[in-house]
Amino acid sequence: MLSIIELDFGTPKSKSAQQVALTIDGREVSVPAGTSVLRAASEVGIQIPKLCATELLDAFGSCRLCLVQIEGMKGYPASCTTPVAAGMKVTTQNAKLADIRRGVMELYISDHPLDCLTCPANGHCELQDMAGAVGLREVRYGYDGRNHVYSTLKPSPSSGGGGVNFTATQTPSPSNLTLEGGGFNPLFAVKDESNPYFTFDPSKCIVCSRCVRACDEQQGTLALTIQGRGFDSKVAASQNEGFMDSECVSCGACVQACPTATLSEKSLIAQGQAEHSVTTTCAYCGVGCSFRAEMRGEDIVRMVPNKDGSANHGHSCVKGRFAIGYATHQDRILKPMIRAKISDPWREVTWQEAIAHAASEFKRIQAKYGRDSIGGITSSRCTNEETYLVQKLVRAAFGNNNVDTCARVCHSPTGYGLKQTLGESAGTQDFDSVMQADVILVIGANPTDGHPVFASQMKRRLRQGAKLIVADPRRIDIVRTPHVRADYHLKLRPGTNVALVTSLAHVIVDEGLVSEAFVRERCEPEAYAKWRAFVAEPRNSPEAMEEVTGVAAADVRAAARLYATGGNAAIYYGLGVTEHSQGSTTVMGIANLAMATGNIGREGVGVNPLRGQNNVQGSCDMGSFPHEFPGYRHVDDDAVRASFEQAWGVPLQNEPGLRIPNMFEAALDGEFKAIYIEGEDIAQSDPNTQHVTASLTSMECVVVQDLFLNETAKFAHVFLPGSSFLEKDGTFTNAERRISRVRRVMQPRNSDGTRGYADWEITQLLANAMGYPMNYAHPSEIMDEIARLTPTFHGVSFDKLDRLGSIQWPCNDAAPEGTPTMHVHEFVRGKGRFMLTEYVPTAEKVNAKYPLILTTGRILSQYNVGAQTRRTENSRWHSEDRLELHPQDAEDRGIVDGDWVGIESRAGQTVLRATVSERMQPGVVYTTFHFPFSGANVITTDNSDWATNCPEYKVTAVQITRVSQPSDWQQRYRKFSERQQELLSEAVTK
Amino acid sequence: MSLHESHDASAALVKMVNDIADYFQSEPDRELAVDGIVNHLTRFWEPRMRRKIVAYFAERKGEGLSELARAAVARLADAARSAA
């Protein structure tokens with residue numbers, strides 16, 4: 001059910017602009033056309049009893065509780081399925097209606113257990129509420145319905161059950177039941193506790209179908225069904241399997257939809273109902289779902305997706321809803337620690353000593369090696385206010401521009417490519433825009449795994465009939481999923497995105513599909529003419545590129561025609577675009593396609609980067625790149641720099657600083673000696689692990705601020721315990737530029753005995769210790785400063801965010817409540833600029849020694865380096881990274897599913913278990929990087945995007961062989977890691 | 001030999017400039033292509049990196065640099081001389 005503080009209006013809100021006036025119980029009501037009578041009544045405070053209706057789902061009309069009388073209409077129509085009409089006169093309560101409703105409730109209760117006092121839904125059970133609402137006082141059919149059986153039968157002690165419920169592996173039978181009344185009931189269904197986060201208790205089910213509809217309508221997995229007919233109807237997962245073995249993706253939509261305790265969170269069962277709720281924003285992917293954290297004191301009872309959340313509309317995924325256990329995991333390091341060498345044991349110290357030591361080291365190193373010998377890394381997992389402070393610390397307190405962020409290794413090409421073409425480093429739409437798209441082109445993104453809540457919305461639109469083009473080397477789930485099938489799957493070879501995008505553009509020009517009027521009005525004519533001549537060259541045709549991309553020219557032509565002529569066409573892309581040596585070129589090619597066809601500047605179209613982490617957009621917005629101040633303004637802009645110098649009270653450098661890979665190079669050159677890393681794990685996430693760790697080892701002071709002793713922290717000299725998103729206030733900005741509030745639901749846990757600190761406070765302590773004063777009392781003051789100094793944020797404040805819920809920047813005088821769609825009348829840069837997109841093959845070549853291409857990606861249940869999700873039950877779905885390869889490649893090497901295989905590239909070796917899958921194309925293998933021991937980035941190389949140095953994670957030439965033991969690196973890693981854990985344990989026990 | 005000992009800073013910079021130059025190869029106006037590379041190096045490279053590639057260019061006569069990359073670094077070198 002919805003959060004404890006939310007009112008369920010019964011049916012979805014109508015978006016119609018037309019108002020309809022009617023009368024309900026004598027009261028004049030005016031609601032948008034298309035509103036149900038049930039909702040119209042609810043909006044004026046008249047609560048019509050309901051069971052199968054909830055506003056997150058389309059009306060169903062099955063429970064017959066919400067019947068009303070309508071003047072002039074025969075019978076008693078269900079108010080949930082009856083839309084309002086002008087002049088309609090509705091009666092929601094009279095003796096006849098009360099009699100009918102009581103009759104319906106009698107039937108429900110006759111077959112429902114009456115263990116209400118011990119039921120986890122007690123206090124928020126809709127069935128119980130409705131029994132009260134209709135005045136149910138007796139059940140003429142008795143209380144011994146078939147589903148009551150578990151209240152009268154218990155597992156016998158000899159069966160090992162010993163309690164009320166059976167375990168998932170037990171089958172009730174006369175031999176393991178103790179008779180306490182009634183006989184053995186063959187229809188008894190055991191409670192399914194297989195899912196780590198929720199239980200399914202069929203005996204409490206009223207077959208309202210809300211769970212099935214939630215799985216269909218909200219999630220789009222269609223894993224649930226109603227099995228059987230009439231009284232034998234029951235909810236079943238997949239082919240009547242346990243939830244864990246079924247197709248269920250554990251998004252929790254069914255749990256939220258359930259009006260009884262049939263589907264209940266295990267945390268709710270364990271803890272009881274929450275007593276208050278705090279609205280905050282998920283700290284996982286770039287969708288940025290809004291949640292209500294339901295609390296008992298400072299303990300989280302459950303996370304409930306906020307139905308008013310503009311990014312998620314009450315939906316969530318297995319990570320955001322359930323995988324929060326990491327925040328209170330025993331592995332959290334809660335005390336500051338320091339050590340002289342990484343071979344020394346850690347020493348727990350006070351905050352004051354840790355900060356003083358870090359500042360002293362930074363100052364010593366700058367005095368010895370120069371001002372530019374230190375730097376910092378901001379995090380997409382931290383808030384806007386925190387990333388802003390870190391870049392301010394580096395620019396103002398360190399006195400250089402050596403600040404970068406993890407977007408370097410994911411979406412930096414988006415920033416570059418969209419700035420060059422459109423003028424702003426951000427996606428052009430809101431998520432809801434997809435509901436107006438007629439053609440959806442997904443390129444280099446795997447939304448069902450990486451951005452599952454948005455993927456559900458996209459699938460909803462596809463089920464309504466939008467066309468789908470997928471460009472991806474693998475057959476990702478969106479290619480073929482229930483009621484969705486891609487019209488074209490362009491299964492290109494890794495590393496050939498530019499060739500494909502340019503050949504799509506060739507078709508658009510060659511076949512006269514350019515939106516000439518749009519281009520003439522909105523784009524630079526010279527750049528367009530040059531681009532047009534370039535893409536029209538025969539060498540850029542699909543026929544010429546077929547050998548490069550591996551995609552049939554006819555399919556490319558058909559896909560280009562569909563994109564250009566199929567109505568509103570929207571492009572969604574991800575790291576499969578950016579993480580290439582030509583990542584920026586592909587981003588520009590994508591923007592070219594949108595401009596050439598006029599698919600930009602209105603709803604349903606646009607260029608939509610699906611950002612990886614929750615605050616990638618925000619961390620980039622906040623000036624985390626070494627060449628840009630907040631708001632994407634270059635440090636060489638004298639006027640901009642002057643505004644920051646005035647506000648910050650210090651002179652600032654006018655030259656770009658070092659990017660992360662440049663820092664590594666400079667460290668190995670002996671010129672970069674110290675780093676402050678907030679919330680990033682470069683030793684696991686960045687490519688060519690051995691290069692990264694060699695760089696870290698060469699530094700004299702590595703300061704890591706994090707929740708856990710992550711891989712980078714094993715090379716650190718100072719560890720500053722960070723705070724989780726639950727422990728602080730601030731804002732995140734999601735992939736649609738939506739700024740949402742993060743609100744503290746519990747105190748920071750990182751107290752040294754005096755007090756704990758949110759991450760922004762730790763940065764502030766460090767700045768002050770460095771001699772640069774920072775005196776913010778609350779993150780809202782930091783946002784106020786951001787707003788003063790950043791034109792696109794001028795209108796943003798915590799007060800406004802609290803009032804509006806969320807805001808999409810730009811938010812300023814021109815758009816006081818934000819900007820859902822960008823570039824509506826003109827591009828941010830004025831005229832759109834077409835950019836040339838010459839295909840340059842990657843330097844990473846396959847040959848006889850390395851004949852396969854490795855590409856990397858993500859999986860639904862794990863998140864990025866896995867530091868959070870590995871410490872939750874999500875590992876039940878994905879407990880190790882595996883190498884996926886095509887059956888032919890497996891057979892050629894004598895590999896069968898589950899074998900240990902060695903993967904060798906020019907950069908290194910590692911060993912993983914094999915998964916043989918026809919999702920792969922021959923010659924291409926795939927893995928994820930969620931577990932450090934996997935060493936996925938031991939194999940990836942230093943190749944990077946020409947414009948931004950974003951690593952080429954997606955193309956590594958490798959060879960695969962069957963092996964019997966871990967790689968040398970893995971054995972070294974295990975030894976090093978175990979030693980670091982020992983050094984940590986020694987610190988803890990002292 | 002450790003990675004540290006075997007580190008070749010120049011090789012990384014040469015590869016980076018060549019990668020940038022490769023993008024500008026398709027620009028039909030060669031001067032604009034060189035402008036584009038110089039502009040990119042100026043806007044995105046930390047000054048020490050620019051100084052290093054200029055020094056490398058002087059010492060190694062631009063060995064390993066593509067023709068366009070060489071032209072761009074030569075222009076950077078000229079600008080550095082003028083500024084000195």
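Throughout, protein chains are lettered first and strands after them, A, B, ... in sequence-line order, and every chain is numbered starting at 1.
Contact annotation for A/Gln653: neither backbone nor side-chain heavy atoms come within less than 4.5 Å of a heavy atom of chain B. With a 4.5 Å cut-off on non-hydrogen atoms, A/Asn400 does not touch chain B at all. Neither the backbone nor the side chain of A/Phe625 comes within contact range of chain B; no heavy atom of the residue lies under 4.5 Å from a heavy atom of that chain. Using a 4.5 Å cut-off between heavy atoms, A/Asn949 touches chain B through its side chain atoms alone. Contact annotation for A/Met588: only side-chain heavy atoms (C-beta onward) come within less than 4.5 Å of a heavy atom of chain B. The contact between B/Ala9 and chain A is made by backbone and side chain atoms together, counting heavy-atom distances below 4.5 Å. Residue A/Ser695: no heavy atom, backbone or side chain, is found under 4.5 Å from chain B.
Heavy-atom pairs under 4.5 Å with chain B peak, among A/Val840, A/Asp942, A/Thr948, A/Leu836, at A/Leu836. The candidate with the highest count of non-hydrogen atom pairs below 4.5 Å against chain B, out of A/Glu628, A/Glu838, A/His634, is A/His634. Among A/Thr585, A/Asp636, A/Asp372, the residue making the largest number of heavy-atom pairs under 4.5 Å with chain B is A/Asp372.
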Note to self: side-chain contact (heavy atoms from CB on, under 4.5 Å) for A/Asn662 and B/Glu46? Distances and angles first, verdict last.
What the structure shows: CA-CA 9 Å; A/Asn662 307 150; B/Glu46 202 252 10; 5.6 Å; no
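Considering CG of A/Asn943 and CG of B/Asp19, their distance stands at 7.5 Å, rounded to 0.5 Å. Distance check, rounded to the nearest 0.5 Å: CD of A/Glu655 to CE of B/Met49 gives 12.0 Å.
Of all non-hydrogen atoms in A/Glu665 and B/Ala12, the two that sit nearest each other are OE1-CB, 3.7 Å. In terms of heavy-atom proximity, B/Pro47 sits nearest to A/Pro656 at CD-O, 3.4 Å.
Interface residues of residues 21-34 of chain B toward chain A, defined by a heavy-atom distance below 4.5 Å and sorted by number: B/Asp22, B/Tyr23, B/Phe24, B/Ser26, B/Glu27, B/Pro28, B/Leu32. Contacts of residues 50-72 of chain B with chain A at a heavy-atom distance below 4.5 Å involve B/Arg50, B/Lys52, listed in sequence order.
Within the 4.5 Å cutoff, the side chain of A/His627 has no heavy atoms near those of the B/Arg43 side chain. The shortest distance between side-chain heavy atoms of A/Trp946 and B/Lys15 does not fall below 4.5 Å.
With sequence neighbours excluded, the residues that form a ring pair (Phe, Tyr, Trp, His ring centres under 6.0 Å) with A/Phe715 are A/Phe976.
Residue pairs satisfying the salt bridge (charged side-chain N to carboxylate O under 4.0 Å, His left out) criterion with at least one member in residues 579-589 of chain A, sequence neighbours excluded, are listed as follows: A/Glu579-A/Lys954.
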